Amino acid sequence: MKISDTEIKSLIRVSEQGLFLSCWVQPRASRNKIAGICGNALKITLTAPPVDGKANGELCKFFADLLKIPKSSVELASGQTSRKKVLLLKNVDLQNLSNILSQV
């Protein structure tokens with residue numbers, strides 16, 4: 001599934017802290033991947049169950065690996081117990097993020 005640059009940029013909010021990315025998470029999937037757009041969020045499937053923060057940790061690790069940044073640069077800004085989550089990506093360039101997401 002190809003996601004356009006315009007769609008990706010509509011999911012991101014730029015702030016002084018970093019980039020805020022809206023995500024819709026589907027836990028207990030067959031594999032970790034970006035599955036497209038769901039409403040106004042990037043749909044992410046994760047193998048981890050939604051128990052004891054395992055899916056939240058897996059989401060942060062997934063983006064750290066994808067963007068080749070330290071795990072400490074990916075923070076869950078909101079949505080601890082919800083499928084709708086917002087990630088804070090620190091020290092990530094908007095154009096770089098957009099390029100990486102459009103290639104997956």
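As the structure is a prediction and not an experimental result, all values here were calculated from the model.
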Quiz item: Within a strict 4.5 Å, meaning less than it, do heavy atoms of the Phe62 and Ile34 side chains meet?
Solution: yes

Quiz item: Going from CZ on Phe63 to CD1 on Ile100, what distance comes out if it is rounded to the nearest 0.5 angstrom?
Solution: 10.5 Å

Quiz item: So how far is it from Leu89 CG to Cys60 SG, rounded to the nearest 0.5 Å?
Solution: 9.0 Å

Self-check item: Taking every non-hydrogen atom, the tightest pair across Gln95 and Lys9
Solution: OE1-NZ, 3.2 Å

Quiz item: Which pair of non-hydrogen atoms, one from Leu46 and one from Ile44, has the smallest distance, and what is that distance?
Solution: CD2-CG2, 3.9 Å

Quiz prompt | Side-chain touch Leu11/Leu101, heavy atoms, less than 4.5 angstrom | solution = no

Practice problem: Would you give the length of the straight line joining atom CD1 of Ile12 to atom CD of Glu7, rounded to the nearest 0.5 angstrom? | Solution: 12.0 Å

Self-check item: Over all atoms of both residues, closest heavy-atom pair of Ala35 and Thr45
Solution: CB-CG2, 4.0 Å

Could you tabulate the donor-acceptor pairs under 3.5 Å formed by side-chain atoms of residues 18-29, not counting sequence neighbours?
from: Gln26; atom 1: OE1; to: Lys43; atom 2: NZ; distance (Å): 3.4

Quiz item: Just one of Leu87, Ile3, Ile8 clears the side chain to side chain contact (heavy atoms under 4.5 Å, CB included) bar with Leu42, so which one?
Solution: Ile3

Quiz item: Does one hydrophobic cluster hold both Leu94 and Val86, with members joined at side-chain heavy-atom distances below 4.5 Å?
Solution: no

Exercise. Could you list all the salt bridge (Lys or Arg N to Asp or Glu O under 4.0 Å) pairs where at least one residue sits in residues 77-98, not counting sequence neighbours?
Key: Glu75-Lys90

Self-check item: Backbone N/O of Asn99 and side chain of Asp5: donor-acceptor pair under 3.5 Å
Solution: no

Quiz prompt | Connected via hydrophobic side-chain network under 4.5 Å: Leu76 and Val51 | solution = no

